[in-house]
Each structure stands twice: as C-alpha cells, then as structure tokens.
Student: 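Handing you this structure, nothing more for now.
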Amino acid sequence: MLKEGPYNPQDHEEKIYQLWEQGGFFTPSIDQDKKSYSIVLPPPNVTGTLHIGHALMLAIEDILIRYHRMQGLRTLWLPGTDHAAIATQSKVEKKIYKEEGKSRYDLGREDFLKRVEKFAQESHDTIVQQTKRMGASLDWSREAYTLDEARNRAVNMAFKTMHDDGLIYQGDRVINWDPKGQTTISDDEVVHVEREAALYTFKYSSDFPFAIATTRPETKLGDTAVAVHPNDERYKKFIGQEYDLEFCKEKLHIKIIADESVDPEFGTGALGVTPAHSHIDWEIAQRHNLSLKQIIDEKTRIISVNENLQGKKVEEARSIIVEWLKENNLLIKEEPIKQNVATAERTGALVEPLPKKQWFVAVNKEFVMKESKLKNIKTGEKVTLKKLMRSVVESSEIKIMPEQFEKIYFHWIDNLRDWCISRQIWYGHRVPVYYKDQEICVGAEAPVGDGWEQDPDTLDTWFSSGLWTFSTLGWPINEVRHFHESLVDLIIKGEKVKTYRFDDESYCVGQVWQLENSQTQEKFGYAKITKVSQARFGDIGYGAEGHEKYASQEDMYETFKRYYPEKEITADSLTWIYEFEYQQKSDLETFHPTDVLETGYDILFFWVARMILMTTYLLGDIPFKTVYLHGLIRDAERQKMSKSKDNAVDPLSVIDEQGADALRMAMVFGTGQGNDVVMTPDKIVAQKKFANKIWNASKFILNNLGQEFKPAVVNIDLFKNSDDKDILEKLAATVKQTAINLDNFMFHEAAQDIYQFFWHDLCDVYLESVKSRLYDEEGESQENARQVLYHVLLNSLKLLHPFMPFITEVVYQELPYKNKQSLIIEDWPVNV
RNA sequence: GUGACCAUAGCUUAGUGGUUAGAGCGGCGGCCUUACAAGCCGGAGGUCAGGGGUUCGAUUCCCCUUGGUCACACCA
C-alpha cells in the first residue's frame, strides 16, 4: 500500500538504493551472448564534494545506463575518482598553510603525500556517498582511482611504450612555469586574462641606433637579439649588425635579425628577443640560432650582475628599470595598452615562461602503427599522434555531439604543440624513469642494482586520465603460464618480464591475467584479482576483515601484533593471498570500446582529446563511439554556477529537500542537446510536483484495481471504448517516440513527452473519464478500465524509470503482479 | 585577429520547409469534484531580433545588419 499524503522522497530513496545494490543489479551479468553497453564515469576530482555539474553528468549517464539495462544489454557503468594532481595538491597545501602555517617543503615529500592521501580518501568517501544519493546505478565492484596501483601499472606501461616509440622525449625548452604551484603546466592549462598594462618604448642605451617597445622591461636583461620585419625599410640597413652594450649594468650582446613574425605596425616595429622568457622569442631564437640567457628564476626573481636587481621580484625589477631608463633619458614613451596575460588555470598565478628540461609527448612525430583496428589507419602505416586523433573523428568512428564541437576539436588539433607531461608537484604518478650517473632507464620498476634514483617529477593528471576507458578494464593484461603453480612467468607482449611468486606484493586489485593451459597451450580465459584481503605469517593463518580493496602491509602487521603479541614477526614475513574472479572474456574485450563518453564541453581538449590520443595509439582502437557533451549549469541570471560566485546550488540539499528524482528531471527538462542548463528553484519544484502526481495517480490506480485483479494481455484491438483506445494509442505513440528520442540523446524531448502523456493524457483526461466506470459500473466495462489503467501505469513507470528511478521503483514494488524482482531490470516496453 | 554558436510568450526555453508555433514557471478568472489545492477547469499572452533572397509556401534554408555567448590565437 502506498502511504496516504504527498510523496516524501526521504522515506524511500535510501531504501530503494539499497534494494538495487543488494540485488546486484548494477553489476552486469556474465551472459556472454548479450550485447554489451558501457560507459565509464568521468571521474570526479577528489578535491572535496560533488557540485551541480556532477549531478547533471550523473543524471544524463544514469538515464542512458538504465535505458540500455532495461533493454536487456550487458550494461556496465564504471565508477571512479580522479586524483587531479595539481588541483588536489594545491587544495591540501592551502589547507595546511592556513591551519598550521606550514608549506609542503616543511613537511617533506613523504609526510606531505600522506596528508594529501588522507584528504583524497575523505573526499572520495564523500563523493561516493553523494553519487549514490543521485541514484546512480554504477557498478561499485569495479571502482577505480586514477592513482591506484592498477592505474599506475597502466601509466607506466603507456609511458614506456611511448618512450620506446620515441613519442615521449626529454626536451630543453621554454615551458609555462606556474610560480605559485612551483610547477610546469601544459599549454591547455594556461588561461589568458585581459588586463591593463603599460607599453614602454625605449632604447637599450644611447649608442644603440633605434628604440624597441615592450610591456616587460625587466626581461630585456635577457635579450640576445632585436628582430625586425625583413621588408621594413627603416631597419633594413641594420640587419646582421651586432652590438655590445650595457643595459642596467647588464652586458648585452644584441644581434639584429630579420624575421617574418615581426609586425612592423606594432610598437616601433622592432622586437627585443628574449629567448629564455617568451615562447615566441624562443621560437625565433631557434630559427636564428640565438643563444639563451635566463634572467628570471623559478621564484620569479631576477638573476643579474646588477646588485640593485639581483634577487628582486619581476614587478619590482620592472619599476627599477623604468626609473633607470628615465634617469638616463632612454625612455621615449609610456602608453597604456590592453594586454592578454597568461595565468595558470589552477592557481591563478601569472605564468612565467622559463627554460627547463621536461618530458614531452611528440604529437607530430612519425611512428609505425603497430596494430590498428581503425578504419583509415593500416597496421604498419606511418602515422603521427595528430593524424590518429584526426582520423577517428573524420571517419565518424567517433561521433561528437553536438556536432559543432567536431570543428572545435579539429581546430584544436591543428594548433596543438608537443604536450609537456612532467610536473614538479608531488601528488601524482611518478615519472617512471631512473637515473644513475649518466645512465637513464625507463621502465615500470626500478632497474636492478644500487644507486638508481627515480625522476622526482610526476605526470600531468591528464596523462593517467587519458587511459581511463581501458585502464579501468584491466589493461594491460598479463599473459601467464602454469597458472596453477606458485611460480608464474609474467609475459607481456611475448617477452618474459619477470617471474612472480604468489607472495609478491606487486599484485593489485584489478590486475588481469590471461589463463593458459600448460599442457595444451590453449588460452582459456582470464583471472582478475578481486581481493588482496588476507595475509599469513608462517604457519598461522590470518584473515583480515573489512579490507575489501587492499590490506596494507602495515595494517596487517599491526593487527597481527595485537592478536599474537607473543610471536616474533616482522612485516617482511607476511604472505599475501589473492582472490581471483574467473572470466571467459576480459572486461577489456567485453566492454571496450565503450559506447558513450558523456562529459562537459569544457574538458573536450583536456580529457576527451587525450583519451582519443592514448587509446588510438596504445590499443589501435577508439575509446568510445559517441562523445556527448553537456553544457554548463547557470542560474536564473544566466551566470555560470560556481563556488566563487556563491550562486551554486548544492545538489545534496536539493536532494534532501525535493528528492533526487525531481533534481534529475529538472536538469533534463527543457534543456536542448548540449545547451547550458538553467537551474532555478521553480524548475525543481515543478518536477517535485510531478513526482507527487505520479504518486497520487499510482495510488488511485492501485486502490481501484479491486481485490481479484489479475493483469491480462492488453491489446488495443480488444477494446471498443474510445477512451480506452485513445489512451492506449497515446501510450503506444509515447513508447515509440521515447525510444527514438533516447537513442538520439534527446533527453529533454523524451522527458517532456512522458510528462505530457502521464500528467495530461493519463491523469487529466483518462483517469477522470474512467472514474464513473470504476465506481459505478461492474462487469466488462469496469474490468477493461482496470486492465487499461494497470497496463498504462506499468508502462509509464518503465518509461519514467531512467529519469525518476526512485519513485517509479517505489510504486513498482507495490504492484500486485511483478514480472521482475525490481523495475531496474524490467523489460523496456516495445510495441505496447 | 580567426572561427563557432545563439536570438521564439513577462521569465526559462522546446520544435519545425506545410493546417492554429508547444511546454514549465509567472499572471488572470473560476472551482476544496471521494488520487492529488504540491490539484482541476478556462482565458490571456508570440510580427519566432531586423532586413533581403531561394521557394507555391520560410520561424525553419542562404546572405547582410544588430545584439549576445563561447573557443582558439595573440601585440613583444
């Protein structure tokens, strides 16, 4: 019986989620005959809590997942979280500084990382709880983290493979330096901000023939040339000349060069070239073989022989130099100018271009494609990463929606430069490179022998995110022989890498082994590590409870000491026991390529493009078939919702007050494909009312079915009454249209159709017209009305379930005859 | 600078080469009718930004103008 009174989501949502979880409905069946459907969740950053944007993502993806699950596909929605390297680190740095006044250097690498990990773990737990509140039907048994052991193996394998192919190289170049974060950042992490600046026109010295213009006089200490346009009549006669002069006590050697990139119209038409502190100047310097002189350090302090300048911050140095120019009558003009300055996306600091040795991914370098499943790329063909990225979208192997983003994607690829992947931060995947004297070794594990030191840098967070669709599905898969013996050879790509013993702690959850019969050499399946949960000391068995993912060695050791204080043991005497799950096909084979990648358009380049790069290169395959990009959430004034603007709607408080169903429905209702989503309180209230409508109508129908009601097959031809016929026709049309809309990502259309059908066609018209037959009549007319009501209600619940999973499930559980244990696994209606 | 997108009711918007352009919220009038006042019934409200073109027919396709949003590139 449905309770009297209005629908109260809080009475039901938690229980219903438990019902689904305990039923195991989120984990796809192992029925190999069924087609699969998979989505990997864009992993939220472990920087705190879920925001409204995540809620939108969860709503859309859960709609897709529930729809396809009800269609009977092997449906996997794989959850995870992102370590978000620089974002998480800087968050924790700020917190520690605020609370304890300490920097990460005060704590040291190891202690600091422990603090970050603790914070990340807490964020993770919060995020998982919040995700569940949204009703997200994610397969938690496959949960992953971008920085866990399994993902680390994938990262190292990817790095090594790319390095072996010459696609990852160490380069000495001018990079984007974030002085606040004290790290390099990639071009994509640079945000240009417009601001007022002063353009100074001046001469280096009185014996230099002409003036140059700059907004940054302090960098002129590092000038090694002056560039002019080759056709500029004013300067033609100076080209090729060299000058030795003194600028602010700094000795400069300036060569006059001609370069096409100089705009004769700007400033004086002469550009002071500072190769060490400007990307463009660095490129000019490369073309003209100019020397490089670094005059700014990592703390943005000046390096100079001039004592007045040495160690000064750049801004201070600038005013000192401007003063000096004035005093020496060298300053010709100072004018205000609008300038776009580069800032770091995460920290907001002004980016300082600096020369540095870093690791790069070469996007224009040719290599031989090893194994291609791609349409327009053949195995053995010479390609570049750029070409791969372009090819799969051009061939429509990957479809980007809305379509306009394909153009934006191509535009980005065309302007793409080599990707700087090393970072000087501590939280992240350590660059898998080891140094010893002059030797360098690239590999997943430290080379044998003493004295090797690992590169202190970590990798760009997007490097690991780029592997997400397949690193979560067990890649790389290890081949293994003699699996039943305790010694196993690990063979990767036909090469014996290592012999493992079962007590080797290198195993981790998620690792997949290919199984082979040692006699027949027949490959018969896969074993996936599902648990590293037990340890044994010598002959004493010990099972740890509650360590579902990992049991750390320290945990085991501590617990053991508590239980067996009399034993003399060390942490090293632990034996690890692993649990495996047997699979005929690996997850990778079953679920990859994934079907849809759904995310915000703001990370098209950061993430989507990188996933395409990594997957086409490493697997020779696409990561997903369709990219569906959703918009930003805006408030009633169309302002972007963000914490800093303080206009953000907290999804959790909405769920508390109005229910998850109302929130989900409000996000898709009235929002065109890929458009920004306007969230206003009244929109959510409207959907809360709709949930209540469903509640009341269901109550009415269920209360009027009568004691002996048994659902019969409902066929429209069996009904003579025009009301019956009419509602059944409308239902059939809605069923048909909903499938079309959902197949085409038209969530708003689908939602509105069902809303219209349920509220206005069913409740306002049919329910009202049928009342007299239910109350006053008997026999066929009444029975028909009951059959139609039940039929329409059941199918409406099914149609509504992807959008409003909780209330529909609550009602379904009250139906007198259930086809399935739960609505979540009901058959999607076809031809009703 | 290069490019993309948008403009529909008071607000938020959906949709379409073809009858009368839909919806939610708001507003107006009337209803406590045994599922629901978080409801029901009934009105009102639109030159589909402006102009031109293609067409038998344009809100829809093309061009221009205006206004807005965004991406990329940048001036040293």
Student: Using whole Å, what does the distance between atom P of nucleotide B/A76 and atom CG of A/Asp232 come to?
Tutor: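 Rounded to the whole Å, the gap is 18 Å.
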
Student: When we call it a touch if two heavy atoms are under 4.0 Å apart, what does A/Thr215 touch: a base, just sugar-phosphate, or nothing?
Tutor: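 Touches sugar-phosphate only.
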
Student: Would you indicate whether A/Glu403, at its atom CD, is surrounded by more than 12 heavy atoms from other residues, nucleotides or ligands within a distance under 6.0 Å?
Tutor: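 Atom CD in A/Glu403 is not crowded, with 12 or fewer foreign heavy atoms closer than 6.0 Å.
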
Student: Answer yes or no: is there an ion pair linking A/Arg318 with A/Glu315, defined by an N-O contact shorter than 4.0 Å?
Tutor: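 Salt bridge: no.
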
Student: Which glycosidic conformation, syn or anti, is assigned to B/G45 if syn requires a torsion within 90° of zero?
Tutor: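 B/G45: anti.
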
Student: Indicate for each nucleotide in nucleotides 18-38 of chain B, in 5' to 3' sequence, whether protein heavy atoms under 4.0 Å reach the base (B), only the sugar-phosphate (S), or nothing (-).
Tutor: ------SS---------BB-B

Student: Let me know the distance between CG of A/Asp263 and P of B/G1, rounded to the nearest Å.
Tutor: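 In whole Å, B/G1 P lies 14 Å from A/Asp263 CG.
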
Student: Does A/Phe700 have A/Lys771 sitting over its ring (NZ/CZ under 6.0 Å from centre, angle to axis within 45°)?
Tutor: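 Pair A/Lys771/A/Phe700 counts as cation-pi.
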
Student: Can you tell me if the side-chain N/O atoms of A/Ser278 get under 4.0 Å from OP1 or OP2 in B/A76?
Tutor: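 Checking B/A76 against A/Ser278, no side-chain N or O comes under 4.0 Å of OP1 or OP2.
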
Student: Strictly below 4.0 Å, N to O, side chains only: are A/Arg287 and A/Glu260 in salt-bridge contact?
Tutor: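 Here A/Arg287 does not pair with A/Glu260 in a salt bridge, since their nearest N and O are not under 4.0 Å apart.
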
Student: Look at all strands and tell whether A/Glu749 reaches a base, only sugar-phosphate, or nothing, counting heavy atoms closer than 4.0 Å.
Tutor: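 Answer is sugar-phosphate: A/Glu749 comes under 4.0 Å of backbone atoms only.
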
Student: If B/G26 has a Watson-Crick or G-U wobble mate with both distances under 3.5 Å, name it; if not, just say none.
Tutor: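 Here B/G26 is not engaged in any pair, so there is no nucleotide opposite it.
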
Student: Rounded to the nearest angstrom, tell me the gap between atom CE in A/Met665 and atom C1' in B/A14.
Tutor: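 Result: 14 Å.
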
Student: Just how far, in rounded Å, is P of B/C70 from NE2 of A/His192?
Tutor: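 The answer, rounded to whole Å, is 16 Å.
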
Student: State whether A/Asp187 and A/Arg417 are salt-bridged, where the test is any N-O pair (Lys NZ or Arg NE/NH1/NH2 against Asp/Glu carboxylate O) under 4.0 Å.
Tutor: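 A salt bridge is present here (some side-chain N lies under 4.0 Å from a carboxylate O).
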
Student: Of all heavy-atom pairs between A/Met665 and A/Gln687, which one has the smallest distance, and what is that distance?
Tutor: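 For A/Met665 versus A/Gln687, the nearest heavy atoms are CG-OE1, 2.9 Å.
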
Student: State whether A/Lys407 places a side-chain N or O below 4.0 Å from either non-bridging phosphate oxygen (OP1 or OP2) of B/C5.
Tutor: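 Looking at the OP1 and OP2 atoms of B/C5, one of them is under 4.0 Å from a side-chain N or O of A/Lys407.
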
Student: Looking at A/Asn704, A/Asn784, A/Asp724, which hits side chain to side chain donor-acceptor pair (under 3.5 Å) with A/Arg773?
Tutor: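 Looking at A/Asn704, A/Asn784, A/Asp724, the match for A/Arg773 under the side chain to side chain donor-acceptor pair (under 3.5 Å) is A/Asp724.
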
Student: Quick one: A/Phe606 CZ to B/C72 C1', roughly how many Å, whole number?
Tutor: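 To the nearest whole Å, that distance equals 13 Å.
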
Student: B/G68 P sits how many Å from A/Arg634 CZ, rounded?
Tutor: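 Taking CZ of A/Arg634 and P of B/G68, I get 15 Å after rounding.
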
Student: Across the strands shown, which category fits A/Leu271 at heavy-atom distances under 4.0 angstrom: base, sugar-phosphate, nothing?
Tutor: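 Contact class for A/Leu271: base.
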
Student: In this structure, how many angstroms lie between the P atom of B/A73 and the CD atom of A/Gln339, rounded?
Tutor: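 Distance check: A/Gln339 CD to B/A73 P gives 16 Å.
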
